[in-house]
Participant: 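The structure follows.
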2 protein chains.
Amino acid sequence: MPLSTPVPAAEYEACPVTDVLRRLSDKWTLLVLTLLGQRPYHYNELHRAIEGISRRMLTRTLRVLETDGLVAREVFPTVPPTVEYRLTPLGVSFLGPIGAVAQWAVAHGDEITAARRRGGLTPAASRGD
Amino acid sequence: MPLSTPVPAAEYEACPVTDVLRRLSDKWTLLVLTLLGQRPYHYNELHRAIEGISRRMLTRTLRVLETDGLVAREVFPTVPPTVEYRLTPLGVSFLGPIGAVAQWAVAHGDEITAARRRGGLTPAASRGD
DNA sequence: CGGCATCCAGTTCGATACTG
DNA sequence: CAGTATCGAACTGGATGCCG
């Protein structure tokens, strides 16, 4: 019954790898992780550092990372309130794998660009020449 | 003028890293790449192997990978037609970085799961206890 | 300062049906 | 066998406004 399937969608925890990959690519996660890898940041500090991000997305991103245990959130009972975010050991351990992909991307970025230019708009077309 | 910005959205090629990450996480790419890393596959062979994927998405995924130069597509003029997909050297070179992330995900998957369980539904709540 | 709730546009993905 | 085309549902991400 494809018309009334209440499938929650997000049921498929396919494999942990895909799960992790999807999380990283929610557009800001990687950037936030990279920044926090350098030093702890305050909420608005991150907001200014990334600059293109909305408060909504920054909060969401941090929440996910916190929930997954990659980022720690510490509240200082000052006035006005201050909140600091930093990488947990688990978060730090993830910088390595990220780095591997990052290095590959940087190293082969031009190859991909070149391939795209060749493929252009008709990747499968003009194939049976 | 935030009310009439015609921003095409998809203009920001942020950094090659984010770009690559987003590509990988389109839900099927990683899986396809992993399968092709083992051996060449025919179109329907991939379709059967993944099983949850629709033809539409399989085709799109393969197109992107082909356009980016990670996968090669070869048509055999048989009847009925046969098409074989295989990793290019660039695609093969990417198995390493993917492996790094994959290994991390497998190794720390339970930690993430545990963190999520702890955080539960109130990650930020009950923090000032 | 830090954060959440609501609304809304753009994109992604699946189901389905049709072609060579 | 190997796709392509179209539609609609779901998800993502941004803008805005209110609260502690």
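Here is the naming used below: chain letters follow the sequence lines, and residue numbers restart at 1 for every chain.
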Participant: Using a heavy-atom cut-off of 4.0 Å across all strands, would you classify B:Tyr85 as base, sugar-phosphate, or nothing?
Facilitator: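 Here B:Tyr85 touches the backbone only, sparing every base.
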
Participant: How large an angle, rounded to 10°, do the end axes of the helix from C:dC1-D:dG20 to C:dG20-D:dC1 enclose when each is built from five base pairs?
Facilitator: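 Angle reported: 40°, given to the nearest ten degrees.
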
Participant: Please step through salt bridge (charged side-chain N to carboxylate O under 4.0 Å, His left out) for the pair B:Arg117 and A:Asp68, ending with a clear verdict.
Facilitator: CA-CA 9 Å; B:Arg117 238 184 282 278; A:Asp68 285 6; over 6 Å; no

Participant: Check this one for me: any side-chain N or O of B:Arg22 less than 4.0 Å away from OP1 or OP2 of D:dG13?
Facilitator: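 For D:dG13, OP1/OP2 do have a side-chain N/O of B:Arg22 under 4.0 Å.
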
Participant: Could you check whether B:His42 gets within reach of a base, just the sugar-phosphate, or nothing at all, counting any heavy atom under 4.0 Å?
Facilitator: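 Counting heavy atoms under 4.0 Å across all strands, the contact made by B:His42 is with sugar-phosphate only.
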
Participant: Show me, pair by pair, the donor-acceptor contacts under 3.5 angstrom made by side chains of residues 45-54 of chain B, not counting sequence neighbours?
Facilitator:
residue : atom : partner : partner atom : Å
B:Glu45 : OE1  : B:His42 : N            : 2.8
B:Glu45 : OE2  : B:Arg39 : NH1          : 3.2
B:Glu45 : OE2  : B:Arg39 : NH2          : 3.3
B:His47 : NE2  : B:Ile53 : O            : 3.2
B:Ser54 : OG   : B:Met57 : N            : 3.2

Participant: Hey, does B:Thr59 reach any base, or is it just sugar-phosphate, or nothing, if we go heavy atoms under 4.0 Å?
Facilitator: base

Participant: Closer than 4.0 Å, any side-chain N/O of A:Arg63 to the OP1 or OP2 of C:dC4?
Facilitator: yes

Participant: Are OP1 or OP2 of D:dA5 and a side-chain N or O of B:Arg60 less than 4.0 angstrom apart?
Facilitator: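 Negative; the distance criterion is not met.
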
Participant: Here's a test of your reading of the structure: between A:Leu62 and B:Arg55, which maps to the more 5' nucleotide of DNA chain C?
Facilitator: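 Nearest nucleotide further toward 5': that of A:Leu62.
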
Participant: Expressed in angstrom and rounded to an integer, what is the separation of B:Glu74 atom CD from D:dA2 atom P?
Facilitator: 13 Å

Participant: For D:dG14 and A:Lys27 - does any side-chain N or O of the residue sit under 4.0 Å from the phosphate oxygens OP1/OP2?
Facilitator: yes

